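Everything on this sheet refers to the single structure shown next.
It should be emphasised that the depicted structure is a prediction, and the values quoted were computed from it without experimental measurement.
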Amino acid sequence: MKILVTGGTGYIGSHTVVELQQAGYDAVIIDNLNNSRIEVLDSIEKITGIRPEFEKFDLCDQPKVNAFFEKHNDVDAIIHFAAYKAVGESVEHPLMYYRNNLLSLINLLDAMKQCTVPYIVFSSSCTVYGQPADLPVREDSPVQPAESPYGNTKQICEEILRDTIKSTDKIKSIALRYFNPIGAHESALIGELPLGIPNNLVPFITQTAAGIREQLSVFGDDYDTSDGSAIRDFIHVVDLAKAHVVAVDRLLKGKNKTSYEVFNLGTGTGYSVLETIRTFEKVTGEKLNYKIVGRRAGDIEKIWADTSYANDELGWKTQRSLADALLTSWNWEKHYRGLK
């Protein structure tokens, strides 16, 4: 069976392509390479022995989306990653985020209806919960007003999916609300490689340790947490990628209970930014140069998942620890930079 992976040369997408191929699926990638590199295809091939099909274009271009499905009329399901995803950037450039993240999904759903592709796994986010009133977050926790345009695009995209599915019996979907993906493949051949200055914590940590960045900024030490820094639920990207394979299996085998399902993907444990820094220093032996700065617009104080529903219903749970994730991130950074 063939799975279309949009944004498949990106961070989570590339790891998911590896897991799909190792599970026996054929993968075809659409990516505009806006925040990834074509060399990722070489790395995927080194890991799996299979080079995935690849097409470069922007999903906001409806004619090109339609042409793709006319050419690839054997796609059985879609995993949709392609989106802008930096909270801070979305605050500065909201229209860019709304245009890209909403239109790409709309174009895909239009094509799915026309070409009878019945299944889509959507890359959603814990940002849909805003700052939760109660922790840990369950799938039925209230969806709060988003703290950033990025988070709002994920809320709106879920609404678009729900409304589209209500209007037709031809499409079924699973939205995976994941928490904070970190880590890299154990081979150190693929990992998180943001173009330009990183917006996420761990690549900024590894680039600081590697000497690429002079200093790491910790955004806020006055939150209502044990050490004053924000708390996140960090999930290893390989565990996350495996969950996407489970979700595709569920749809293809008709195991889904409703036409639209939602699952939280996290570890169920929250770690503060400062705890994460200390863990990195412990497992790698590298000392980080960091400073405390003011809070960053769009950030929430603390969040972690209740994973029991995903664990029970999907038969999936995380296998890798925070230390595992940080060590693989560092190994990936060293391999990419040619460091010993």
Side-chain angles (χ1 to χ4, degrees), residues 3-7 12 16 59-60 62 65 69 75-85 90 94 97-133 137-179 240 243-244 246-266 303 305-310 312-314 316:
I3 311 300
L4 166 61
V5 183
T6 72
I12 306 171
T16 300
L59 288 168
C60 292
Q62 181 75 69
V65 173
F69 282 99
V75 169
D76 296 290
I78 299 168
I79 302 178
H80 181 42
F81 292 109
Y84 295 150
K85 63 182 182 65
S90 77
Y97 270 68
Y98 286 116
R99 182 180 297 110
N100 182 76
N101 292 6
L102 303 187
L103 188 56
S104 60
L105 176 62
I106 291 168
N107 288 348
L108 273 179
L109 290 171
D110 266 338
M112 289 176 69
K113 291 176 70 175
Q114 294 174 27
C115 303
T116 64
V117 179
Y119 307 120
I120 181 168
V121 175
F122 177 65
S123 167
S124 193
S125 167
C126 67
T127 56
V128 302
Y129 297 113
Q131 178 55 66
V137 176
R138 296 166 47 90
E139 285 81 357
D140 58 2
S141 295
V143 172
Q144 305 281 2
E147 297 288 328
S148 68
Y150 163 71
N152 202 28
T153 66
K154 292 300 183 181
Q155 290 183 1
I156 296 170
C157 282
E158 287 197 17
E159 292 169 358
I160 290 170
L161 277 169
R162 279 194 296 267
D163 290 342
T164 302
I165 288 166
K166 285 179 183 177
S167 72
T168 177
D169 59 0
K170 295 181 179 179
I171 297 176
K172 295 178 173 59
S173 178
I174 293 175
L176 299 178
R177 293 173 176 168
Y178 29 92
F179 284 64
L240 185 61
H244 288 78
V246 172
V248 165
D249 283 341
R250 183 177 176 87
L251 289 170
L252 290 171
K253 294 175 181 177
K255 294 181 178 180
N256 51 302
K257 292 184 176 179
T258 60
S259 295
Y260 179 72
E261 295 183 311
V262 172
F263 295 97
N264 285 340
L265 300 183
I303 191 168
D306 181 334
T307 63
S308 55
Y309 182 60
D312 295 342
E313 189 63 31
L314 295 179
W316 165 93

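A heavy-atom distance below 4.5 Å is found between the side chains of K154 and S123. Taking the side chain as every heavy atom from C-beta outward, P118 and K170 never approach each other to under 4.5 Å. Residues V143 and R177 meet the side-chain proximity criterion, which asks for heavy atoms closer than 4.5 Å. Within the 4.5 Å cutoff, no side-chain heavy atoms of S141 are placed close to those of P132. Side-chain atoms of I120 and L161, non-hydrogen and from C-beta on, do get closer than 4.5 Å to each other. Counting heavy atoms from C-beta on, the side chains of V5 and F81 come closer than 4.5 Å.
The distance from the CG atom of N107 to the CG atom of L109 is 9.0 Å, given to the nearest 0.5 Å. The OG1 atom of T164 sits 9.5 Å away from the CE atom of M112 when rounded to the nearest 0.5 Å. The structure places CG of L102 at 9.0 Å from SG of C60, a figure rounded to the nearest 0.5 Å. I303 contributes atom CD1, which lies 10.0 Å from atom CD of E147 (distance to the nearest 0.5 angstrom). The CD1 atom of I171 lies 12.0 Å from the CG atom of L251; values are rounded to the nearest 0.5 Å. Note: Y119 OH to I78 CD1 = 12.5 Å, rounded to the nearest 0.5 Å.
Listed here is the closest heavy atom pair of A77 and L252: CB-CD2, 4.4 Å. The two atoms that bring F69 and A111 nearest to each other are CD1-CB, 3.6 Å, heavy atoms only. The nearest pair of heavy atoms linking N100 to A83 is ND2-CA, 3.7 Å. Nearest heavy-atom pair across N264 and E139 is N-OE2, 2.7 Å. When all heavy atoms are compared, the tightest approach of S124 to A175 is CB-CB, 4.5 Å. Shortest non-hydrogen contact noted between A82 and L59 is CB-CD1, 3.7 Å.
Listed by first and then second residue, the side-chain hydrogen bond (donor to acceptor under 3.5 Å, both in side chains) pairs that reach into residues 246-261 are Y25-D249, E158-Y260, R250-E261, R250-E313, K257-E313, sequence neighbours excluded.
Side-chain atoms of Q144 do not come within 3.5 Å of backbone N or O of V128 as any donor-acceptor pair. A distance-only check finds no donor-acceptor pair linking the side chain of T307 to the backbone of A310 [under 3.5 Å].
Take D163 and apply the side-chain hydrogen bond (donor to acceptor under 3.5 Å, both in side chains) test, not counting sequence neighbours, and it matches no residue. Taking the side-chain contact (heavy atoms from CB on, under 4.5 Å) definition, one finds that N152 meets it with Y98, A146, Q155, I156, sequence neighbours left out.
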Exercise. Any chance you could lay out the side chain to side chain contact (heavy atoms under 4.5 Å, CB included) test for F179 and L240, step after step, and finish with the verdict?
Key: CA-CA 10 Å; F179 284 64; L240 185 61; over 6 Å; no
Exercise. Test I79 against T16 for side chain to side chain contact (heavy atoms under 4.5 Å, CB included), laying out the working first.
Key: CA-CA 9 Å; I79 302 178; T16 300; 3.9 Å; yes
Self-check item: From CA spacing to verdict: side chain to side chain contact (heavy atoms under 4.5 Å, CB included), S173, V121
Solution: CA-CA 6 Å; S173 178; V121 175; over 6 Å; no
Exercise. Begin from the C-alpha positions of V117 and D76 and carry the test side chain to side chain contact (heavy atoms under 4.5 Å, CB included) through to its verdict.
Key: CA-CA 6 Å; V117 179; D76 296 290; over 6 Å; no
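Taking the six-membered ring for Trp and the full ring otherwise, Y178 and H244 have centroids separated by under 6.0 Å. Checked against a 6.0 Å centroid threshold, the rings of Y150 and Y84 do not count as neighbours.
No hydrogens or angles considered: a donor-acceptor pair under 3.5 Å links the side chains of T6 and H80.
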